[in-house]
A.B. asks: 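Here's a structure for you.
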Amino acid sequence: MEPKTAVCKEARKPLRLAVLTTTYPSDDDDAIPAFVFELCRRLSPAFEITVLAPACEGARAGHWAGVHVVRYRYASRRGQQLTSGGGILPNLRRSPALLVWLPGLMLSQAFALWTRRRQFDVIHAHWLVPNGVIALLSGGGRPVVCTSHGADVFALQGRLFETLRRWVMQNAFAVTAVGEPLRAALTATAPSKAVSVLPMGCDLERFSPRAEGSPLAGRLLYVGRLVPKKGVDALLRALALLQRSHRRVHLRVIGEGPERETLEQLTQSLGLGGDVQFLGGMANARLPDEYREAETVVLPFRQAADGDAEGLGLTLIEALACGCKLVVGYSEAQEDLTRDCPGLWRCDADDSSALAEAIEASLRTPHQAQSLRAARQPRLLPMAWETIAAQYADLLLAAHRSASKPGDAR
């Protein structure tokens, strides 16, 4: 289901969409989460899209995959590290000195939008704070659709952030959340504002089971950022327990983040040095093969001490689509996907013994990737990118229609 071309009737041209984001790949081989890129790429037949994203060394700009990418500078070359790796909040926790560049990031984004505001009909801001605030203040009155991904709600606590979120929700045309718990939290902030659940999607053709053969026995896989809410430290402790029970497993950790050094030190202290590989970030195109070669994918989601929690977890959907056996931590955001899901074990990720037992149970279960994919298909189809992009296209078109004089500079 491809989105239909959205046309401005007055000008007989495709609607011009501005996308504000602080997470966007720098090139085709970048390991940074690509969900904003993938959504824009699929919306490009329907809209004339300009993405406003932070600059970083070697980042691609100009025309790319049907989208025009503008990279705004916000610091010196050395200082433009605020949005890389694990993202803004984890980077600030790891290196508080980077805070000095945050005002520059926000001002540069606001300036980039303000100077181009007449070029757009609609604005899509990913994350309510700060991007939703900037879209409303610097967008020249264009209708704004905001999407919350989780960290802008769960990790930004306090009266100031709650006030900013409420103001954005009251003034945006529409607000979407990538999961039901996130929608509930936003609705509690502004009860009069309707919030729809509209997640990011998954390429169900790329992420599919292997055609033949079996995964590598005893191989475990983790994919995601190395931040506290992902629970990789709990996974390492569970591996140590499996090792003591003479269960031979090998873990591949794919991802970057501020916790990497700490996790590598924990690996050595637990005596797991020969059984764990930290592979760093990996291009999204290589991930399907990693899923297919793993006997079990382990995603020990949990709530971090600062309240941050997983919004949806696209790696979960990718692993489900590849027919992987899965062990996941309890998470409200994934409740509908994981409840009574075939080939999936849920446990309290903070309980290392329970996590180890769940992994052991998964390894004792025969691997049947094709049949698992088929059984999960009803859960997966609503997550297909084609379906998600069509829904976002409808919402953005409705936002344009809501403007009284969409062609005016307001």
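The residues of the chain are indexed from 1 along the displayed sequence.
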A.B. asks: Given 3.5 Å as the limit, does a donor-acceptor pair link the side chain of Asn131 with the main chain of Ala125, or not?
C.D. replies: no
A.B. asks: Would you check if there is a donor-acceptor pair between the side chains of Thr176 and Tyr392 at a distance under 3.5 Å?
C.D. replies: yes
A.B. asks: Can Glu48 and His68 be counted as having a side-chain donor-acceptor contact under 3.5 angstrom?
C.D. replies: no
A.B. asks: Could you state the interatomic distance from CG (Leu220) to CG (Asp275), rounded to the nearest 0.5 Å?
C.D. replies: 10.0 Å
A.B. asks: For residues 210-218, which side-chain N or O atoms pair as donor and acceptor with protein atoms under 3.5 Å away, sequence neighbours left out?
C.D. replies:
from: Arg210; atom 1: NE; to: Glu212; atom 2: O; distance (Å): 3.0
from: Arg210; atom 1: NH1; to: Ser214; atom 2: O; distance (Å): 3.4
from: Arg210; atom 1: NH1; to: Arg292; atom 2: O; distance (Å): 2.9

A.B. asks: State, to 0.1 Å, how close Arg71 and Ser26 come at their nearest heavy-atom pair, and which atoms those are.
C.D. replies: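 Heavy-atom minimum between the residues: NH2-CA, 3.6 Å.
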A.B. asks: Output the distance between atom OG1 (Thr23) and atom CD1 (Ile32), rounded to the nearest 0.5 Å.
C.D. replies: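 Interatomic distance, Thr23 OG1 to Ile32 CD1, rounded to 0.5 Å: 5.0 Å.
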A.B. asks: CG/Leu128 to OG1/Thr189 distance, rounded to the nearest 0.5 angstrom?
C.D. replies: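 Spacing of CG (Leu128) from OG1 (Thr189) equals 9.5 Å.
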A.B. asks: Taking all heavy atoms of Pro300 and all of Leu355, pick out the closest pair and write down the distance.
C.D. replies: CB-CD2, 4.2 Å
A.B. asks: Between Ala399 and Val145, which heavy-atom pair has the shortest distance, and what is it?
C.D. replies: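 Where Ala399 meets Val145 most closely, the heavy atoms are CB-CG2, 3.9 Å.
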A.B. asks: Does the distance from a Lys or Arg side-chain N to an Asp or Glu carboxylate O, for Asp27 and Arg60, drop under 4.0 Å?
C.D. replies: no
A.B. asks: Can any side-chain N or O of Ser371 pair as donor or acceptor with the backbone N or O of Gln368 at less than 3.5 Å?
C.D. replies: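 Checked: pair present.
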A.B. asks: Rounded at 0.5 Å granularity, tell me how far CH2 in Trp385 sits from CG in Asp203.
C.D. replies: 10.0 Å
A.B. asks: Check Asp350 with Arg237, please: is the shortest side-chain N to carboxylate O separation under 4.0 Å?
C.D. replies: no
A.B. asks: Looking only at side chains, do His124 and Thr147 share a donor and an acceptor under 3.5 Å apart?
C.D. replies: yes
A.B. asks: Would you please test Arg183 and Thr187 for side-chain hydrogen bond (donor to acceptor under 3.5 Å, both in side chains) and show each step?
C.D. replies: CA-CA 6 Å; Arg183 185 206 65 80; Thr187 302; 3.2 Å; yes
A.B. asks: Can you find a heavy atom in the side chain of His149 that is under 4.5 Å from one in the side chain of Met200?
C.D. replies: yes
A.B. asks: Salt bridge check: are Glu38 and Arg41 linked by an N-O gap of less than 4.0 Å?
C.D. replies: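 Yes, this pair counts.
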A.B. asks: Under a 4.0 Å threshold between the charged nitrogen and the carboxylate oxygen, would Asp29 count as salt-bridged to Arg286?
C.D. replies: no
A.B. asks: Evaluate the side-chain proximity of Val276 to Leu239: yes if any heavy-atom separation is below 4.5 Å, no if none is.
C.D. replies: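 Touching, per the 4.5 Å side-chain cut-off.
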A.B. asks: Could you tell me if the side chain of Leu221 sits less than 4.5 Å from the side chain of Leu251, heavy atoms only?
C.D. replies: no
A.B. asks: Taking atom OG of Ser269 and atom CG of Leu236, what is their separation to the nearest 0.5 Å?
C.D. replies: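 Rounded to the nearest 0.5 Å, the OG-CG separation comes to 8.5 Å.
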A.B. asks: Check whether the side chains of Arg166 and Gln170 place a donor and an acceptor atom closer than 3.5 Å, and report yes or no.
C.D. replies: no
A.B. asks: Should Ser148 and Leu186 count as side-chain neighbours, where that means a heavy-atom distance under 4.5 Å?
C.D. replies: yes
A.B. asks: Quick one: do Arg346 and Thr338 satisfy side-chain hydrogen bond (donor to acceptor under 3.5 Å, both in side chains)? Show the steps, please.
C.D. replies: CA-CA 8 Å; Arg346 299 198 303 172; Thr338 60; 3.2 Å; yes
A.B. asks: Run the ring pair (Phe, Tyr, Trp, His ring centres under 6.0 Å) test against Trp64 and tell me which residues pass, sequence neighbours left out.
C.D. replies: Phe37
A.B. asks: Below 4.5 Å, heavy atoms only, C-beta onward: do Tyr291 and Glu318 meet side chain to side chain?
C.D. replies: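 In contact.
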A.B. asks: Are the side chains of Asn171 and Val144 in touch, meaning some heavy atoms are under 4.5 Å apart?
C.D. replies: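 Of all side-chain heavy-atom pairs linking Val144 with Asn171, none is under 4.5 Å.
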A.B. asks: With sequence neighbours excluded, give me every side chain to side chain donor-acceptor pair (under 3.5 Å) pair touching residues 192-202.
C.D. replies: none
A.B. asks: Answer yes or no: is there a side-chain heavy-atom contact under 4.5 Å between Val223 and Glu290?
C.D. replies: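 Side chain of Val223 against side chain of Glu290, heavy atoms only: no contact under 4.5 Å found.
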A.B. asks: Under 4.5 Å between any side-chain heavy atoms of Arg376 and Cys341, yes or no?
C.D. replies: yes
A.B. asks: Answer yes or no: is there an ion pair linking Lys325 with Glu295, defined by an N-O contact shorter than 4.0 Å?
C.D. replies: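 Yes.
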A.B. asks: Supply the atom-to-atom distance Leu263 CG to Tyr222 OH, rounded to the nearest 0.5 angstrom.
C.D. replies: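 Rounded to the nearest 0.5 Å, the CG-OH separation comes out at 9.0 Å.
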